A.B. asks: 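Attaching a single structure in structure tokens format; questions to follow.
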Amino acid sequence: MIRTLLRGGWLFLLAAAASLQGRPEINLFAWSEYVPQKVIDGFTRETGIAVNYETFSSNEEMVSKLVAGGGDYDVIQPSEYTAEALIKANLLAKLDLARLPHLRNIDPDLRHLPFDPGGDYEVPYMSGTVGIVVNTAVVHDPIHGFQDVFQPSFSGRIIVVNDNREMVSWALATLGHSANDINAETLKQVRPVIAQWIKLIKVYDSDSPKTALLNGDVDLGVVWSGEAAILWNQDRKFRYVLPAEGTHRFIDLLAMPVGAPHPREALQFIDYILRPEVSVLISNEFPYTNPNLAARALLTPEQRANPASYPAVGKLEIFRDIGKQSAAVDRLMTDLKSAQ
């Protein structure tokens, strides 16, 4: 949070300076540790357009800032279910697709999905899964799913992403429910499951969960696949497991808020990222599943063989907008965490 606040203040100062100089600019609001500096620098060098980059660590934080009018953002990076909610709330602008010629590089299977059936409001930036990382040098028990991770024998040895909806979806999966089947009754069912899990967790970290695993502070984690891919690249003792019960396949997007102050420059930036030679730079640094098929073709065989970046087919589900139930999820998790 401190880093985000500092980054926000820096964005304000950069924007003010650029405005005084009459220099073209865009304000980017994106996930932390997700947009390589070399991509930003390359765009500015080619176009002369400055990029003021502010970060967030959860979709909820991003939406809160956007709705509160805390910044005049040009490009934001919501996940699929958050984009669906923003579209319903008329907070995303339709993109001028004619100005995005490199959109043709995106995997057709990731376009026109239920959260944006017309494909008018967003373009995929990166995709991935939420799965289990096991330090096999320390953990010798077979780990196949969430229920194997959250065992008393692993108390104090577990890290998870700090995401309320994610954790609720894991508990739902263990009970045989869809990740989108969230209502008063299913939340009542998952409550005792999560209450037991929380007692076992040592660290919550959405920004860089790989760090605690690399340092040996924990031995198992439920993390973003890109983080798991980096761990595997550094040491093959870190095994990635798609949970047998099923898990979230996320799609992080590029979108433009209604009222973006620099729409032409924003579209230039989005199309720049869609170039294969640029998109591959993102994969090199943040090895999630690249939805850009032309960029994926530029990856090395070893990159494409990374089991976290491109895992074997599993039971995957895309989150949908759950409306007012989001507040109920947050209340449940707040109550359970505060009780520990």
Side-chain angles (χ1 to χ4, degrees), residues 31-33 57-60 79 81 127-136 138-139 141-179 182 190-191 193-232 237-250 252 286-289 306-309 311-312 314-319 329 332-333 336-337 340:
W31 289 91
S32 58
E33 297 195 29
S57 58
S58 73
N59 278 287
E60 291 68 30
S79 298
Y81 68 99
S127 181
T129 53
V130 178
I132 300 163
V133 170
V134 183
N135 181 344
T136 59
V138 178
V139 177
D141 303 46
I143 304 294
H144 302 293
F146 297 118
Q147 296 186 87
D148 298 322
V149 172
F150 295 106
Q151 295 290 331
S153 58
F154 298 132
S155 179
R157 300 166 64 190
I158 302 169
I159 185 170
V160 301
V161 294
N162 191 19
D163 188 299
N164 291 341
R165 183 162 180 192
E166 283 292 349
M167 185 167 287
V168 166
S169 77
W170 310 337
L172 285 169
T174 66
L175 297 175
H177 293 295
S178 161
I182 297 178
V190 301
R191 187 181 188 98
V193 175
I194 298 173
Q196 291 302 311
W197 289 0
I198 286 176
K199 297 175 183 178
L200 310 175
I201 296 168
K202 182 175 183 179
V203 183
Y204 296 89
D205 186 351
S206 286
D207 287 337
S208 185
K210 64 181 177 294
T211 301
L213 285 154
L214 277 172
N215 291 342
D217 299 328
V218 292
D219 303 318
L220 299 98
V222 185
V223 305
W224 317 121
S225 57
E227 292 282 293
I230 293 172
L231 287 167
W232 188 81
K237 71 183 180 183
F238 292 109
R239 176 170 167 254
Y240 186 65
V241 179
L242 283 179
E245 301 95 340
T247 193
H248 179 203
R249 181 189 188 183
F250 58 83
D252 292 326
F286 306 115
Y288 289 87
T289 305
N306 189 309
S309 300
K315 185 178 178 182
L316 306 177
E317 190 170 9
I318 293 174
F319 282 1
V329 167
L332 170 66
M333 294 301 300
L336 291 174
K337 287 181 179 179
Q340 297 305 307

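All figures in this text were calculated on a predicted structure; none of them were measured in a lab.
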A.B. asks: Return yes if some donor-acceptor pair links the side-chain N/O of Asn306 with the main-chain N/O of Ala229 below 3.5 Å, else return no.
C.D. replies: yes

A.B. asks: May I ask you to decide if Ser79's main-chain N or O and Asn59's side chain share a donor-acceptor pair within less than 3.5 Å?
C.D. replies: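 Here the side-chain-to-backbone pair exists.
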
A.B. asks: Can you list everything that forms a salt bridge (charged side-chain N to carboxylate O under 4.0 Å, His left out) with Arg165? Sequence neighbours excluded, please.
C.D. replies: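 Salt bridge (charged side-chain N to carboxylate O under 4.0 Å, His left out) check on Arg165 returns nothing, list empty.
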
A.B. asks: Does the side chain of Val218 come within less than 4.5 Å of Ile158's, by heavy atoms?
C.D. replies: no

A.B. asks: Heavy atoms only: give me the nearest Val223-Val161 pair and the separation to one decimal.
C.D. replies: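 Shortest heavy-atom contact: CA-CG1, 3.8 Å.
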
A.B. asks: Is the shortest side-chain heavy-atom distance between Glu245 and Trp170 below 4.5 Å?
C.D. replies: no

A.B. asks: Nearest 0.5 Å, what's the CG-OG1 distance between Asp141 and Thr136?
C.D. replies: 12.0 Å

A.B. asks: So do the side chains of Asn164 and Glu60 get within less than 4.5 Å of each other, counting heavy atoms only?
C.D. replies: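 Sidechains of Glu60 and Asn164: no contact.
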
A.B. asks: Find the distance between CD1 (Ile198) and CG (Leu336) and round it off to the nearest 0.5 Å.
C.D. replies: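 Ile198 CD1 to Leu336 CG: 4.5 Å, rounded to 0.5 Å.
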
A.B. asks: Please find the pair of heavy atoms, one from Leu200 and one from Gln196, that lie closest to each other, and give the distance.
C.D. replies: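 Between these two residues, the closest heavy atoms are CG-O, 3.6 Å.
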
A.B. asks: Can you find a heavy atom in the side chain of Phe319 that is under 4.5 Å from one in the side chain of Ile182?
C.D. replies: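 No, side chains not in contact.
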
A.B. asks: Ser155 side chain to Pro152 main-chain N or O, any donor-acceptor pair under 3.5 Å?
C.D. replies: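 Not a single qualifying donor-acceptor pair exists.
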
A.B. asks: Under 3.5 Å, side chain of Ser309 to main-chain N/O of Pro287, donor-acceptor pair present?
C.D. replies: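 Yes; at least one donor-acceptor contact below 3.5 Å.
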
A.B. asks: Side-chain contact, heavy-atom cut-off 4.5 Å: Glu227 with Tyr288?
C.D. replies: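 Contact flag for Glu227/Tyr288 side chains = yes.
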
A.B. asks: State whether a side-chain donor-acceptor pair under 3.5 Å links Asp207 with Ser32.
C.D. replies: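 Distance-only check passes for Asp207 and Ser32.
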
A.B. asks: Between Lys210 and Phe238, is NZ or CZ placed under 6.0 angstrom from the six-membered ring centre and within 45° of the ring axis?
C.D. replies: no

A.B. asks: Taking the side chain as C-beta and beyond, is there a heavy-atom pair between Phe150 and Val222 under 4.5 Å?
C.D. replies: yes

A.B. asks: Quick check: are there more than 12 heavy atoms from other residues, nucleotides or ligands sitting under 6.0 Å from CZ of Arg249?
C.D. replies: no

A.B. asks: Could you report the tightest heavy-atom contact between Glu33 and Phe286, atom names first, then the distance?
C.D. replies: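 In this case the closest contact between Glu33 and Phe286 is O-CE2, 3.1 Å.
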
A.B. asks: Can you classify the ring geometry of Trp197 versus Phe146 as parallel (below 30°), tilted (30 to 60°) or perpendicular (above 60°)?
C.D. replies: tilted

A.B. asks: To check you understand the geometry: which heavy-atom pair defines the closest contact between Ala212 and Ile159, and what is its length?
C.D. replies: CB-CD1, 3.8 Å

A.B. asks: With rounding to the nearest 0.5 angstrom, report the NZ to CD1 distance, Lys199 to Ile194.
C.D. replies: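 Taking NZ in Lys199 and CD1 in Ile194, the distance rounds to 13.5 Å.
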
A.B. asks: In sequence, state the C-alpha distance, the side-chain angles, and the governing distance for Leu316 and Thr247, and then conclude on side-chain contact (heavy atoms from CB on, under 4.5 Å).
C.D. replies: CA-CA 5 Å; Leu316 306 177; Thr247 193; 3.6 Å; yes

A.B. asks: Taking the side chain as everything from C-beta on, heavy atoms only, tell me whether Val139 gets closer than 4.5 Å to Phe154.
C.D. replies: yes

A.B. asks: Under 4.5 Å between any side-chain heavy atoms of Ile132 and Asp148, yes or no?
C.D. replies: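 Heavy-atom side-chain distance check fails, nothing below 4.5 Å.
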
A.B. asks: For Asn162 and Ser206, work out which heavy atoms get closest and say how close.
C.D. replies: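 Asn162 and Ser206 have their closest heavy atoms at N-OG, 2.8 Å.
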
A.B. asks: For Ser225 versus Phe250, what's the shortest heavy-atom pair and its separation?
C.D. replies: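 Where Ser225 meets Phe250 most closely, the heavy atoms are OG-CZ, 4.3 Å.
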
A.B. asks: Calculate, to the nearest 0.5 Å, the distance between atoms OG1 and CG belonging to Thr129 and Leu242 respectively.
C.D. replies: 5.0 Å

A.B. asks: Distance from Ile230 atom CD1 to Leu214 atom CG, nearest 0.5 Å?
C.D. replies: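 Here the rounded value is 9.0 Å.
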
A.B. asks: According to the interplanar angle, ranging from 0 to 90°, do the rings of Tyr81 and His248 count as parallel (below 30°), tilted (30 to 60°) or perpendicular (above 60°)?
C.D. replies: perpendicular

A.B. asks: What residues form a salt bridge (charged side-chain N to carboxylate O under 4.0 Å, His left out) with Asp205, not counting sequence neighbours?
C.D. replies: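 In terms of salt bridge (charged side-chain N to carboxylate O under 4.0 Å, His left out), with neighbours along the sequence ignored, Asp205 is linked to no residue.
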
